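Computed over heavy atoms, backbone and side chain alike; hydrogens, waters and symmetry mates excluded. For clarity, every value in this text was computed on a predicted model and none was experimentally measured. Letters go in sequence order (proteins before strands), and every chain restarts at 1.
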Amino acid sequence: MSAPAAAIRVEGLRKRFGDVTALDGIDLEVPSRTVFGLLGPNGAGKTTTIRVLSTILEPDGGRAEVLGHDVVRDAKTVRRSIGLAGQYAAVDGNLTGRENLRLIGKLVHLPRREVVARAAQLLERFELTDAADRPVRTYSGGMRRRIDLAAALVNRPPVLFLDEPTTGLDPHSRNEVWAMIGDLVADGTTVVLTTQYLEEADRLAERVAVIDGGRVIANDTPAALKTRLGSTVIEIGLADAATASRAHAVLAEAGGKASPELDGTIVRLTSHDGARQLVDTLRTLDAGGVEPATLTVREPSLDDVFLALTGHHAEQGEAA
Amino acid sequence: MTDLAPTLRVEPVRRLVPQGLSDTLAIAWRGLITYRRVPQLLVFSTIQPVVFVLMFRYVFGGAIRVPGVDYVDYLMPGVFVQTSVFGAIATAIGLASDVQSGLLERFLSLPMARSAVLTGRTLADVGRNVFVIVLMAAVGFAVGFHLHTNWGKFVVAMLLILLFGYTLSWVFATVGLLLKNPEAAQAAAFPIMAPLVFASSAFVPVNSMPGWLQPFALHQPVSVTASAARALTLGTDATSDLVQALAWIAGILLVFVPLSVWRYRRAV
């Protein structure tokens with residue numbers, strides 16, 4: 001076999017809704033059999049990208065291909081090779097888990113015998129056999145998400161789109177979904193997932209495209225994104241906001257390679273030379289008569305990356 | 001191959017049932033299960049017309065004079081039509097709920113016939129109407145409704161009413177897809193329905209209404225359907241009303257089928 005081909009190619013994708021530009025020229029390439037993360041705040045264009053790739057929306061400009069098939073001209077072929085699971089469990093609450101999976105099986109035109117067998121197999125795989133014949137409206141949040149994910153897998157899609165697959169899940173259910181995604185990729189599925197959770201992208205995705213304002217502002221491995229910023233984050237917690245403000249002023253005045261950033265009662269510095277920076281910082285604070293309350297030294301998170309790239313936190317706009 | 005291993009399937013070339021039809025039946029099957037799982041939907045859509053029958057038969061009926069006809073015989077065809085008209089609101093509510101829940105989004109991503117979500121839903125609502133109208137017919141006969149013609153004409157009248165209800169389902173499919181919110185769809189439906197049902201020949205003769213209202217009340221779709229059904233059960237000449245009713249049905253379908261399909265594609 002030749003080098004792994006791209007499962008998805010996106011070039012200059014544009015989409016407007018009235019006056020709002022949702023996608024402002026998105027370019028992406030998703031290698032086969034990998035997890036690709038689309039990271040960004042609400043309204044960044046993640047869901048619109050997924051909707052165009054899953055043929056639900058037609059783009060205004062640019063083009064997108066899934067497994068070599070154009071999502072507009074060859075939409076029907078694309079639909080046969082994709083699965084979609086969203087942040088809302090898009091199953092019928094009045095139908096049982098089994099009935100939902102059989103309905104999807106019929107609608108993706110599995111042979112009649114396979115409709116029944118595939119539903120039973122997925123219920124088993126997602127540990128829903130006991131609840132299989134109960135209406136989905138009686139399911140817990142985690143169970144609903146599992147049946148939704150199972151519904152996306154009925155036709156064994158080589159490409160799976162997951163729109164915020166763990167939003168609103170408790171940590172236990174979230175870990176289950178993560179493990180499932182790992183299994184899918186191990187079996188050869190290409191997964192594109194959107195997330196607002198940086199930890200999720202960090203943990204699952206081989207590559208991450210950071211999206212903001214309908215554009216890709218960075219596209220790299222999580223590790224590379226983090227090293228762009230610096231290798232060490234130093235966070236100094238102060239007793240109160242006034243003290244923090246004073247510490248910030250003292251550090252800013254002292255100069256140095258890393259510029260301090262004030263965040264409530266915390267002052268944060270990011271540096272490629274962590275040990276040196278730490279010593280300098282503590283000396284400066286001591287000389288300035290500022291008493292730190294707490295001290296944290298860690299690797300940068302994707303949130304730090306996001307903040308550095310966009311000037312705002314990823315979770316902003318979550319209330320929108 | 002494990003449970004999760006992907007495969008790219010090829011559509012079978014030969015099939016016994018055309019794909020659009022099998023998709024429609026799958027969606028209709030789902031709609032009918034909903035009525036079984038949520039019997040409230042059926043109960044409310046039946047209690048209300050039963051209350052109407054009892055009210056008009058025993059409370060208002062005494063004050064309404066229809067020359068040459070027992071009021072109950074005048075009333076029941078009107079009630080059958082009103083039942084199927086109000087039943088069409090369920091189409092709006094059902095589709096709006098599907099938009100809200102994200103189910104429509106999933107359907108749009110499947111390799112199914114895109115029209116099937118609408119044809120299947122409206123077909124399920126015909127099934128529901130059959131049940132409700134049979135029940136209402138039983139109630140009608142219990143409160144003294146008499147068929148003055150024969151069962152053949154009675155069946156024709158019922159089929160006309162079901163067809164009319166089906167037609168209105170497409171109107172309300174459009175409403176549901178426009179509003180995308182079940183409560184809003186329900187709230188919007190009543191002001192559309194009320195004048196059509198009450199400023200009509202469904203419950204009272206049109207000649208008892210003010211002169212300016214009569215032309216509307218005589219020729220609007222609910223009236224001509226009710227009058228045609230009434231003529232078929234009373235044995236008077238149904239031709240004119242039947243032609244008008246079928247013309248309305250054809251006209252409404254011609255406008256609202258494409259309109260709702262167009263809205264469906266833009267519902268997400």
Salt-bridge criterion met for B:Glu105 and A:Arg51 (N-O under 4.0 Å):
yes
Under 4.5 Å, counting heavy-atom pairs only, tell me which of B:Ser97, B:Ser109, B:Ala116, B:Ala113 racks up the most with chain A.
B:Ser109
Between B:Leu108, B:Ile27, B:Leu104, which has the largest tally of heavy atom pairs under 4.5 Å with chain A?
B:Leu108
Donor-acceptor pair between A:Thr47 and A:Asp163 side chains, under 3.5 angstrom
yes
Could you look at A:Glu58 and say if it's the side chain, the backbone, both or neither that has a heavy atom under 4.5 Å from chain B?
neither
Can you tell me which portion of A:Leu160 sits under 4.5 Å from chain B's heavy atoms? Options are side chain, backbone, both or neither.
neither
Check each atom of A:Thr190 against the heavy atoms of chain B and say whether the ones under 4.5 Å are side chain, backbone, both or neither.
neither
Atom NZ of A:Lys46 and atom CG of A:Leu193: how far apart are they, to the nearest 0.5 Å?
11.0 Å
Can you sort out the partners of B:Phe203 under ring-ring contact (aromatic ring centres under 6.0 Å, His included), two or more places apart, ordered by chain and number?
B:Phe52, B:Phe56, B:Phe198
Which one wins on heavy-atom pair count under 4.5 Å against chain A: B:Arg37, B:Met112, B:Arg36?
B:Arg37
For residues 258-268 of chain B, run the donor-acceptor check on the side chains, cut-off 3.5 Å, and write out each pair with its distance to 0.1 Å, sequence neighbours left out.
unit_1   : atom_1 : unit_2   : atom_2 : d
B:Ser260 : OG     : B:Phe256 : O      : 2.8
B:Ser260 : OG     : B:Val257 : O      : 3.1
B:Arg266 : NH1    : B:Trp262 : O      : 3.3

Which one wins on heavy-atom pair count under 4.5 Å against chain B: A:Leu184, A:Thr189, A:Val78, A:Leu103?
A:Leu103
Region of A:Ala186 that comes under 4.5 Å of a non-hydrogen atom in chain B
neither
Heavy-atom distance under 4.5 Å to chain B: side chain of A:Pro157, backbone, both or neither?
backbone
With a 4.5 angstrom heavy-atom cut-off, could you sort out which part of A:Ala75 is near chain B: side chain, backbone, both or neither?
neither
Return yes if some donor-acceptor pair links the side-chain N/O of A:Arg145 with the main-chain N/O of A:Gly168 below 3.5 Å, else return no.
no
With distance as the sole test, does B:Ser101 use its side chain to make a donor-acceptor pair with the main-chain N or O of B:Leu103 at under 3.5 Å?
yes
